[in-house]
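What follows is a single structure, written as structure tokens, with notes after it.
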Amino acid sequence: MAEERIIAAGFGGQGILMLGKLLAHAGMMEGKQVTWLPSYGPEMRGGTANCNVIISDAVIGAPIVSEATCVIAMNLPSLDRFESFVQPGGWLLLNSSLVPRASTRHDVQVLAIPVNDIAHQQGSLRVANVVMLGAYLALSQAVRKASVITAIEDVLGPGKQHLLPINLNALDAGIAFATKVQV
Amino acid sequence: MAEERIIAAGFGGQGILMLGKLLAHAGMMEGKQVTWLPSYGPEMRGGTANCNVIISDAVIGAPIVSEATCVIAMNLPSLDRFESFVQPGGWLLLNSSLVPRASTRHDVQVLAIPVNDIAHQQGSLRVANVVMLGAYLALSQAVRKASVITAIEDVLGPGKQHLLPINLNALDAGIAFATKVQV
Amino acid sequence: MKTVYQKSAGLTGVPMHYCPGCTHGIIHKLVAEALVELDVLGRAVAVAPVGCAVFAYEYFNCDAQQAAHGRAPAVATGIKRVRPDNIVFTYQGDGDLASIGMAEIVHAAMGGENITVVFVNNAIYGMTGGQMAPTTLVGQPTTTSPLGRSRLGQGAPLRVCEMLATIEATAYIARVSVHSIPRLNVAKRALKKALQLQVENKGFSLVEVLSTCPTNWGLSPVDALRWVEQNMIPAYPLGVFKDIEGGT
Amino acid sequence: MKTVYQKSAGLTGVPMHYCPGCTHGIIHKLVAEALVELDVLGRAVAVAPVGCAVFAYEYFNCDAQQAAHGRAPAVATGIKRVRPDNIVFTYQGDGDLASIGMAEIVHAAMGGENITVVFVNNAIYGMTGGQMAPTTLVGQPTTTSPLGRSRLGQGAPLRVCEMLATIEATAYIARVSVHSIPRLNVAKRALKKALQLQVENKGFSLVEVLSTCPTNWGLSPVDALRWVEQNMIPAYPLGVFKDIEGGT
Amino acid sequence: SPRLGPTRSPSVVQASPPPSPPGSAPQKSFLPEVIFEENLCKGCELCITICPTKILKLDTTRVNIRGYFPAIVYNLAECSGCASCAKICPDSVITVRR
Amino acid sequence: SPRLGPTRSPSVVQASPPPSPPGSAPQKSFLPEVIFEENLCKGCELCITICPTKILKLDTTRVNIRGYFPAIVYNLAECSGCASCAKICPDSVITVRR
Amino acid sequence: MAKKLMKGNEAIAAAAINAGCRFFFGYPITPQNEIPEYMSRELPKVGGTYVQAESEVAAINMVYGAAGAGARVLTSSSSPGISLMQEGISYIAGAELPCVLVNIMRAGPGLGGVQPAQADYFQATKGGGHGDYRVLVLAPANLQEAVDLTQLAFDLADKYRNPVMVLADGMIGQLMEPVEFSPYHPAFALPPKDWATTGTAESGGRRRVINSLYLYPDELENHVRAIYRKYAEMERTEVRYELYDCDDADVVIVAYGTTSRIARSAIEKCRRLGLRVGLLRPITLFPFPFAAFDRVVDRTRAFLVVEMSMGQMLDDVKIAVAGRRPISFYGRTGGIVPTPEEVVKQVQTLLGGPGA
Amino acid sequence: MAKKLMKGNEAIAAAAINAGCRFFFGYPITPQNEIPEYMSRELPKVGGTYVQAESEVAAINMVYGAAGAGARVLTSSSSPGISLMQEGISYIAGAELPCVLVNIMRAGPGLGGVQPAQADYFQATKGGGHGDYRVLVLAPANLQEAVDLTQLAFDLADKYRNPVMVLADGMIGQLMEPVEFSPYHPAFALPPKDWATTGTAESGGRRRVINSLYLYPDELENHVRAIYRKYAEMERTEVRYELYDCDDADVVIVAYGTTSRIARSAIEKCRRLGLRVGLLRPITLFPFPFAAFDRVVDRTRAFLVVEMSMGQMLDDVKIAVAGRRPISFYGRTGGIVPTPEEVVKQVQTLLGGPGA
Ligand SMILES: Cc1ncc(C[n+]2csc(CCOP(=O)(O)OP(=O)(O)O)c2C)c(N)n1
Ligand SMILES: Cc1ncc(C[n+]2csc(CCOP(=O)(O)OP(=O)(O)O)c2C)c(N)n1
Ligand code: SF4
Ligand code: SF4
Ligand code: SF4
Ligand code: SF4
Ligand code: SF4
Ligand code: SF4
Ligand SMILES: [Mg+2]
Ligand SMILES: [Mg+2]
């Protein structure tokens with residue numbers, strides 16, 4: 001039974017919760033079982049945020065991820081906190097624009113992506129999360145790109161369709177970067 | 001084991017609760033076990049009042065009297081309500097000044113006393129309850145007259161000792177009436 | 001021969017349990033007459049408090065809900081929001097409204113809830129046997145202020161009308177008394193006006209009625225009326241404290 | 001060289017958790033400075049509310065109790081009655097004091113409890129994420145009044161000072177702001193006076209401080225200060241509403 | 001705190017002029033009627049105090065079903081029919097006709 | 001709703017005049033000192049707005065341990081030592097000496 | 001309808017509206033704020049009314065009034081706020097009014113914390129208020145169930161004229177899962193609300209009174225016994241639970257809501273280790289599925305109760321098992337959600353070994 | 001001291017003062033008004049303070065403040081008022097403050113009635129408030145015991161820094177019996193209140209904070225576990241109960257407070273009829289005397305639980321008996337106090353005959 005368990009973490013403003021929602025949304029559209037669980041509480045606003053996403057073929061029990069197939073760390077505190085959650089052989093995606101250090105894990109696959117810089121090139125820091133999502137798409141079979149694109153369209157809604165291009169470009173940039181380094 | 005179980009009932013203003021307290025107080029001073037339980041609740045003030053008094057040589061369980069050795073009815077509603085509570089052979093004391101009818105019980109000893117009239121002769125309607133208490137004393141071995149007198153003194157307290165004489169006279173009048181009819 | 005006065009059709013006719021001469025009964029009559037004269041009895045819903053008036057639901061000849069102690073304004077809000085066409089009024093004592101129910105009355109007023117409050121101030125907790133109320137007069141003895149309410153540590157009587165009149169969304173706030181026929185006539189007009197404003201969706205209205213508690217004051221009903229005139233009115237000035245229509 | 005200004009000894013120095021530019025921090029400083037300047041820090045007991053200021057017990061450099069939501073005045077009453085020589089003050093938000101805690105604040109005022117209340121009015125529920133408060137301005141959008149508070153059905157902002165000033169046993173009631181240095185100086189004087197009156201056993205004192213919530217207002221801290229000046233002060237006039245010493 | 005009274009239907013006592021003899025002047029019938037639902041009366045004396053012409057009293061010769069001395073009119077001739085007594089009565093005992 | 005920051009002891013950045021060369025005029029030392037407990041700073045810019053002489057700014061070249069651009073004085077010479085900045089600072093970051 | 005990805009709190013709110021609820025009275029508190037926020041946004045669109053009460057005390061009494069006026073009405077809060085509602089809930093049960101309450105539990109006691117907990121079980125199921133009464137308690141374990149049970153809650157409330165509580169926790173409230181809304185139909189024929197205070201003009205003259213006061217003990221006892229006949233009926237008709245992998249289970253885990261999901265994951269891990277473990281998941285906490293235990297007690301060797309509390313449902317499990325099998329308990333509290341791994345360890349120690 | 005004839009409510013109030021309680025915060029409610037009235041009269045005479053709170057909600061929070069300031073403090077109420085205190089009681093337990101609560105139970109639910117009842121057992125013993133906490137509950141059956149337990153309550157509260165409740169009912173509150181007051185001495189050495197907020201000047205600089213907020217789950221869990229270690233200690237040390245005529249009893253009646261007195265009278269009647277009946281009377285309701293049942297379970301044929309409720313303590317008895325013997329229940333509610341005769345009948349049906 002295939003089950004993808006993702007932890008995505010970063011600063012409040014980095015759209016990390018949205019990244020997770022897009023994944024869950026995409027998974028749902030592919031008829032998969034999905035859960036999305038955010039950190040919450042007063043200490044969250046303006047502070048660090050993280051979410052757990054599970055995409056599975058079977059009914060999902062615990063929605064809290066203790067053994068992650070992939071951890072996405074958008075800043076250093078997130079890496080410090082969640083590095084150990086990656087299961088052996090799993091993925092660790094770092095935002096190298098903000099994370100100064102390399103991973104200390106040798107039993108996992110690590111990919112460092114300067115998502116802020118890439119997003120900057122794409123024209124807005126605010127799509128950094130989508131760049132990271134693209135990178136993830138390139139490495140994982142969890143969901144199809146098409147589903148993610150529909151998810152983005154749905155989330156933007158009729159009002160914000162003008163933001164679609166920049167998001168799609170960001171997605172592609174992320175995919176491109178990840179595939180490049182993979183090759 | 002000797003146990004005296006009294007129900008005293010009447011209008012709110014008739015000092016029926018005090019009558020019961022005096023009995024309990026006297027019993028206590030004789031080293032007996034005593035309980036005094038009043039009816040209570042919003043419907044009581046200004047309305048009908050009653051209390052259950054138990055005087056016993058042994059520990060008292062239920063303080064509610066279901067089988068009374070003596071029922072004191074200071075008015076008609078009280079008779080209507082409690083007449084049936086007297087145990088066979090027990091006493092039923094009526095305030096004939098206010099109770100127009102005779103008792104329907106033939107298995108109990110009934111004594112009708114015009115306590116209001118007697119109290120009136122003693123100079124105050126407000127000692128009607130003490131007259132009734134005197135009558136009870138004449139018929140029962142539950143407590144000694146001396147103890148009741150001390151109880152009255154205690155209850156009046158230093159402030160109201162001037163009321164002692166009229167109360168003692170009322171007590172004697174009650175005793176006298178009861179003994180007279182008994183003879 | 002015509003009838004000058006008879007029992008109001010706004011009352012069920014169930015004999016009232018109030019102590020002899022308690023003015024709760026008079027206030028019930030005035031409210032009932034107002035409902036009838038405004039022709040809203042059929043769509044009226046009374047909210048009874050916890051207090052001596054708890055059985056109000058037995059007396060007013062309309063639908064009624066019995067509310068938890070102090071919460072009548074919240075209950076009335078619930079009713080009115082669901083059925084805006086009903087005429088919803090609470091009937092509350094001073095312990096109920098001014099003590100435990102303070103948050104509820106202030107917020108019903110703040111929200112401009114379109115309800116009418118009949119506030120019966122007898123300066124004491126009647127039902128529970130005469131304990132001190134926020135409205136108890138300074139120096140007035142009660143079972144929980146045996147030496148009389150003392151300003152120091154227990155403060156001064158709470159003037160609910162004056163306080164609520166500072167709240168913007170209130171439509172009508174008045175204090176009346178029923179200790180004499182002229183006063184009683186004024187009281188009835190105030191109650192009618194308060195209810196009329198609700199009919200016109202003008203918002204929150206409250207009429208405070210000074211009332212007696214002969215039993216716990218330890219006075220005869222007649223002396224109790226005098227006590228209202230001589231002791232309560234000086235502490236609780238009569239009058240209209242808020243009227244969105246400007247008039248009095 | 002002498003120190004013109006430094007962190008108050010009335011604060012523990014624990015870094016505060018407030019959002020950037022939130023004026024809760026400024027108000028904490030003023031209270032702390034007042035306690036130090038009156039030389040009562042050592043006998044002060046703070047009562048922290050439920051609200052963003054819940055951690056006030058971490059910041060004020062004195063003993064403290066954390067109170068249930070809205071009940072700080074009751075908790076303060078309990079403390080003060082047991083230890084009249086302590087200087088007891090509550091620090092409460094507008095949801096805490098003006099909504100759920102309305103009965104407690106009115107009755108602390110009515111009883112003339114000899115405590116001091118610091119009432120931080122930011123027209124919103126900060127801690128829970130920006131819901132409507134009784135003090136929310138008409139038209140101000142919040143997460144539970146997405147289209148802005150509407151006078152119809154939600155009423156007008158509650159003016160706590162004006163309301164409490166009608167209560168006889170209150171000693172001092174004032175509204176201040178901290179959006180500018182001159183205002184901030186006035187605010188500090190008001191807080192000192194309120195605490196001083198407690199020292200002199202003069203009874204209940206309350207200082208309402210208009211405050212910002214940049215996070216939930218969706219404004220920068222600087223714009224938030226302007227919003228206080230331009231929008232809040234017109235709805236909440238500054239000034240002294242009650243002063244038993246007559247002065248201002 | 002309230003007394004819960006019985007709820008039996010009360011008996012009515014009417015203070016109205018005696019039937020006028022045939023042919024007698026009609027103006028007698030202009031006397032007001034003051035009717036008491038006597039069993040509702042609690043003997044509080046508010047009506048007695050409020051009556052401007054002081055023509056009411058408690059009938060201390062008997063008690064009603066609730067054990068109270070009921071109020072009565074003892075001098076109807078003086079009655080103005082102002083209904084003050086009826087208005088003040090907390091228990092809606094009195095009806096006044098004119 | 002609050003962010004719970006770290007409580008490590010902050011580093012201090014002092015904006016005070018450079019040590020005056022020997023024999024130079026002493027009046028330099030009359031310049032006020034404006035000291036920032038930089039790691040407490042949240043970059044809210046209230047001090048910057050309130051400063052009458054507008055000599056404060058955020059140092060956007062670096063972040064403090066809490067991830068904020070810290071406020072600094074960039075033109076101490078203009079400083080009047082009025083301490084407005086320190087008074088308005090919600091986080092007691094600033095000490096002013098004169 | 002198509003599936004929608006929704007937060008638990010919003011799903012519950014949407015379900016209420018779908019079930020015809022048009023009135024919400026509440027007061028903000030973490031972690032359930034999305035419920036009042038959703039209601040304040042969506043109710044006006046369907047002609048409904050959102051009232052932000054001044055407190056939970058006021059909220060529950062507004063619910064009383066609205067329910068008494070005949071409306072389908074909802075309130076929601078979290079642990080401390082529910083404590084403040086206890087008098088009101090007792091009144092609503094005593095006056096036999098239908099309403100739905102949501103408790104998105106957080107950690108206590110006192111102010112405690114805002115993270116998920118299950119420590120209000122006693123309060124919800126035994127009655128945190130005074131007197132003889134019960135609240136029908138539904139405990140969803142996933143968001144589709146939260147939607148379905150919330151809608152059912154309104155029907156049950158109307159059927160029994162009794163408050164019904166949806167009891168969940170911060171995790172379920174904050175969680176997102178796909179949910180589906182089908183057009184609402186009552187689960188069964190609903191009785192007419194011929195007791196609601198609509199005014200005598202509309203109801204045709206007979207006065208209607210909402211009340212819980214009975215000064216005469218015999219009347220009050222009759223009233224309470226009548227209410228308890230409804231509870232007996234609930235125990236016959238409304239008991240809901242799920243048995244999972246119990247047929248061959250040496251250990252049966254008993255857990256509801258969030259912890260039942262953790263248990264499910266733990267059971268999969270156990271099975272992979274060759275440990276035969278099953279799950280008994282109460283869905284109705286009152287009425288509690290006592291009879292369900294009789295179906296598994298003979299086969300199983302032991303019960304393991306897992307709660308996010310110091311042990312509350314444990315009492316009901318003890319009553320259900322009545323000494324027939326050993327019961328062990330694993331609880332985390334303070335806002336900590338146990339991991340499947342922790343639960344597996346408990347099973348291993350119970351069965352005295354890492355696995356088969 | 002000589003015996004005094006006192007009302008239960010006044011005896012409790014007098015006992016509190018005798019135990020050094022100088023602060024009372026409360027709100028009137030029948031049938032416990034004699035407590036606040038006595039306190040308002042007597043406290044000033046001994047330099048104490050009576051504060052009539054604006055509500056029970058305010059009262060319990062005043063108690064919190066006063067207890068946190070180091071005082072021995074009392075509040076009392078009756079059922080609906082106690083419901084309003086649930087949030088506050090949870091806070092007091094969470095902040096580990098000592099105080100004594102008196103609940104003179106009346107009939108519920110809702111406004112219910114004012115006559116005696118025992119239907120707040122769940123609320124008192126399981127925690128009507130939110131989160132993991134317990135209140136130590138003492139249930140006197142006569143007035144001397146009410147006096148002794150009230151005094152003990154203050155000592156236990158101080159020892160465990162936990163609220164202690166004296167749970168009685170309207171009958172015990174209104175009853176008069178002779179009581180004796182001996183000069184008060186603490187039942188054991190009491191810990192210093194070195195946590196009370198006296199101001200740093202007096203305490204010598206170390207700040208003192210009264211608080212129940214722990215935003216981090218691990219901290220909160222540790223805090224709760226520490227509190228539960230106190231409860232475990234209570235279960236070891238504080239369990240109190242009475243066995244009466246149990247040695248040869250075929251039926252053991254389980255009852256507390258008022259109903260235990262009815263049971264005692266019933267037992268005498270039974271014995272006269274040759275029926276061997278005994279009484280197990282819990283005095284501490286929490287901690288509940290589970291072990292006491294082990295002492296009688298082998299000998300007895302059945303248990304009969306008698307309560308003035310629809311069956312609440314019954315749950316704890318089921319847990320205690322754990323299926324070893326049949327348990328039957330006889331309950332009256334609504335303010336009705338069962339008669340000894342009714343109880344005798346129950347015993348007779350249990351033993352299948354009028355007597356031997
Ligand atoms: C929660 C709660 N607290 C207290 C009581 C007891 N109680 C009943 S009525 C009442 C006060 C009555 O006084 P008031 O509101 O002034 O009405 P009155 O009887 O004077 O008309 C109180 C405290 C209660 N029933 N419920
Ligand atoms: C009984 C209870 N109800 C609700 C809450 C949730 N709550 C916490 S803070 C708060 C309001 C905060 O607003 P305010 O008092 O204005 O303080 P601010 O955060 O704005 O400074 C609420 C509703 C709670 N903790 N307890
Ligand atoms: S107790 Fe007082 S208020 Fe209540 S009915 Fe009697 S007189 Fe009226
Ligand atoms: S109607 Fe007027 S005059 Fe006649 S009895 Fe009544 S009060 Fe007196
Ligand atoms: S006012 Fe009414 S109740 Fe009172 S005495 Fe007159 S008739 Fe009787
Ligand atoms: S949420 Fe608002 S009030 Fe709370 S700390 Fe942040 S800015 Fe200040
Ligand atoms: S002291 Fe005054 S002038 Fe100097 S930096 Fe601060 S605000 Fe500006
Ligand atoms: S006011 Fe304080 S916190 Fe804000 S920027 Fe200036 S120094 Fe930093
Ligand atoms: Mg009153
Ligand atoms: Mg606020």
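As the structure is a prediction and not an experimental result, all values here were calculated from the model.
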Count the heavy-atom pairs under 4.5 Å between each of G:G48, G:A58, G:A53 and chain C, then report the option with the highest count.
->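 Top count of heavy-atom pairs under 4.5 Å with chain C: G:A58.
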
Under 4.5 Å heavy-atom distance to chain C, tell me which part of [X] shows up: side chain, backbone, both or neither.
{"X": "G:A196", "answer": "backbone"}
{"X": "G:R206", "answer": "backbone"}
{"X": "G:V63", "answer": "neither"}

For the residue pair C:R81 and G:F23, what are the closest heavy atoms and their distance?
->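 Distance-wise, the nearest heavy atoms are O-CE2, 3.3 Å.
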
Top of C:I87, C:N61, C:V88 for chain G proximity - count of heavy-atom pairs under 4.5 angstrom =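 Between C:I87, C:N61, C:V88, the count favours C:N61.
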
Flag side-chain contact, heavy atom, 4.5 Å: G:E202 against C:R83 |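 Answer yes - side chains close enough.
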
G:I210 side chain near C:Y57 side chain, heavy-atom distance below 4.5 Å |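 No, too far: nothing below the 4.5 Å cut-off.
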
When rounded to the nearest 0.5 angstrom, what is the spacing between [atom1] in [X] and [atom2] in [Y]?
{"X": "G:T49", "Y": "C:K80", "atom1": "OG1", "atom2": "NZ", "answer": "12.5 Å"}
{"X": "C:E104", "Y": "G:S55", "atom1": "CD", "atom2": "OG", "answer": "5.5 Å"}
{"X": "G:Y64", "Y": "C:Q65", "atom1": "OH", "atom2": "CD", "answer": "6.0 Å"}
{"X": "G:M62", "Y": "C:E113", "atom1": "CE", "atom2": "CD", "answer": "6.5 Å"}
{"X": "G:N61", "Y": "C:T77", "atom1": "CG", "atom2": "OG1", "answer": "10.5 Å"}

Less than 3.5 Å apart, which donor and acceptor atoms pair up between the side chains of residues 35-43 of chain C and the rest of the protein, not counting sequence neighbours?
{"from": "C:E37", "atom 1": "OE1", "to": "C:K192", "atom 2": "NZ", "distance (Å)": "2.8"}
{"from": "C:E37", "atom 1": "OE2", "to": "C:K188", "atom 2": "NZ", "distance (Å)": "2.6"}
{"from": "C:R43", "atom 1": "NH1", "to": "C:D85", "atom 2": "O", "distance (Å)": "2.8"}

Among residues 67-75 of chain C, which ones touch chain G with a heavy-atom distance under 4.5 Å?
->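 Within residues 67-75 of chain C, near chain G: C:A67, C:A68, C:H69, C:R71, C:A74, C:V75.
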
Quick check: does any side chain N or O of G:R207 sit under 3.5 Å from a backbone N or O of C:D63, one acting as donor and the other as acceptor?
->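 No.
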
Is there a donor-acceptor contact under 3.5 Å from the side chain of C:N86 to the main chain of G:T198?
->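 It does hold such a pair.
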
Interchain contact, C:V54 with chain G, by part (heavy-atom threshold 4.5 Å) =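 For C:V54, the side chain is the part near chain G, not the backbone.
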
